[in-house]
Amino acid sequence: MTVTSNSLRSFAGGILIATSLIGAVYLFGPSEASSTGKEEPAEVQKLSEDEMVNKLTSKGYVIHTEDQWNKQLKAMNEKQEENASSDKKDDGKVVYKTMLTVSTGMTSIDVGNALEQANIIKDGLDFYKEVEKRGLENELRPGTFDVESGMSTDEIISAIFK
């Protein structure tokens with residue numbers, strides 16, 4: 001297909017006519033604003049403080065003064081501190097709990113390192129040495145076990161090894 005100068009002029013003329021029509025509709029077409037021509041300012045209504053509070057409370061809002069708000073925050077913080085202090089155990093120790101998943105191919109060294117990373121035991125190497133001393137290094141059984149830092153080494157070993 002060859003482009004002749006006449007077809008190119010026709011195309012340009014069509015674009016010019018289309019843009020002119022769009023511009024005319026944009027400028028002279030119906031407007032979204034009021035069509036009266038006069039724009040009246042919105043009615044400004046001054047409300048007193050009591051009227052504002054009544055209007056907001058009727059719509060479901062809760063209004064507090066700054067003093068009321070601060071008292072409420074203070075009471076909430078005190079309650080949280082009470083709950084935090086009552087949640088602590090009597091001896092003040094933190095107990096870590098974890099779910100240890102032992103898969104086929106893991107060694108007791110891997111288990112000891114995983115328990116150390118979970119803060120269940122202090123040293124993974126000591127755990128491995130204890131397992132080796134008992135002759136259980138080949139008795140590791142796959143599965144998922146719940147262990148916590150409050151458990152003794154004997155309890156952990158009996159839970160994980162056959």
Side-chain angles (χ1 to χ4, degrees), residues 1-3 8 11 14-15 18-19 22-23 25-26 29-33 41-162:
M1 175 177 164
T2 58
V3 177
L8 199 54
F11 180 72
I15 290 179
T19 54
I22 291 172
V25 169
Y26 178 77
S31 172
E32 291 180 14
E43 189 175 317
V44 177
Q45 185 179 21
K46 298 249 181 184
L47 298 175
S48 71
E49 190 174 317
D50 290 334
E51 290 172 330
M52 286 189 280
V53 168
N54 289 336
K55 196 167 204 168
L56 288 171
T57 54
S58 70
K59 298 221 182 221
Y61 291 96
V62 178
I63 311 297
H64 291 293
T65 63
E66 190 171 352
D67 290 337
Q68 291 171 332
W69 179 250
N70 289 334
K71 285 178 186 177
Q72 189 174 6
L73 282 177
K74 185 178 176 184
M76 184 183 70
N77 288 336
E78 289 173 357
K79 187 173 182 179
Q80 284 179 344
E81 289 173 5
E82 285 177 16
N83 288 342
S85 65
S86 67
D87 287 346
K88 290 183 181 175
K89 293 195 173 200
D90 295 336
D91 57 3
K93 282 186 169 182
V94 176
V95 176
Y96 295 97
K97 294 182 179 182
T98 189
M99 290 182 68
L100 176 68
T101 302
V102 177
S103 58
T104 307
M106 284 182 76
T107 64
S108 53
I109 296 173
D110 297 331
V111 171
N113 290 337
L115 291 171
E116 182 180 352
Q117 287 177 351
N119 293 322
I120 304 299
I121 59 174
K122 291 185 184 195
D123 190 14
L125 189 58
D126 289 343
F127 179 80
Y128 165 71
K129 288 178 183 176
E130 181 65 29
V131 169
E132 189 177 63
K133 186 172 88 176
R134 295 180 185 194
L136 298 173
E137 62 270 6
N138 294 326
E139 303 297 323
L140 187 62
R141 58 185 172 136
T144 302
F145 308 97
D146 290 325
V147 290
E148 60 183 51
S149 60
M151 295 172 73
S152 68
T153 305
D154 292 335
E155 291 173 328
I156 295 172
I157 289 174
S158 66
I160 300 172
F161 294 87
K162 290 182 184 177

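Rounded to the nearest 0.5 angstrom, K129 NZ and E137 CD are separated by 14.0 Å. Distance check: N54 CG to E49 CD gives 11.0 Å after rounding to the nearest 0.5 Å. One finds the CD atom of Q72 at 11.0 Å from the CG atom of N77 (value rounded to the nearest 0.5 Å). Taking CG of N138 as the start and CZ of F161 as the end, the distance is 10.0 Å to the nearest 0.5 Å. The CG atom of D154 lies 4.5 Å from the OG atom of S152; values are rounded to the nearest 0.5 Å. A distance of 8.5 Å separates CD of E155 from CD of E148, quoted to the nearest 0.5 Å.
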Could you pull out all donor-acceptor pairs under 3.5 Å where a side-chain atom in residues 111-124 meets a protein atom, sequence neighbours excluded?
unit_1 : atom_1 : unit_2 : atom_2 : d
N113   : ND2    : I109   : O      : 3.4
E116   : OE1    : G124   : N      : 2.9
D123   : OD1    : L125   : N      : 3.4

Q: Check step by step if side chain to side chain contact (heavy atoms under 4.5 Å, CB included) holds for F145 and I156.
A: CA-CA 9 Å; F145 308 97; I156 295 172; over 6 Å; no

**Q.** salt bridge (charged side-chain N to carboxylate O under 4.0 Å, His left out) evaluation trace for K55 with E51
**A.** CA-CA 6 Å; K55 196 167 204 168; E51 290 172 330; over 6 Å; no

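At a threshold of 4.5 Å between non-hydrogen side-chain atoms, the residues K74 and N70 do not count as touching.
When all heavy atoms of S108 and L140 are compared, the closest pair comes out as N-CD2, 4.2 Å. Nearest heavy atoms, M106 versus V102: SD-CA, 3.7 Å.
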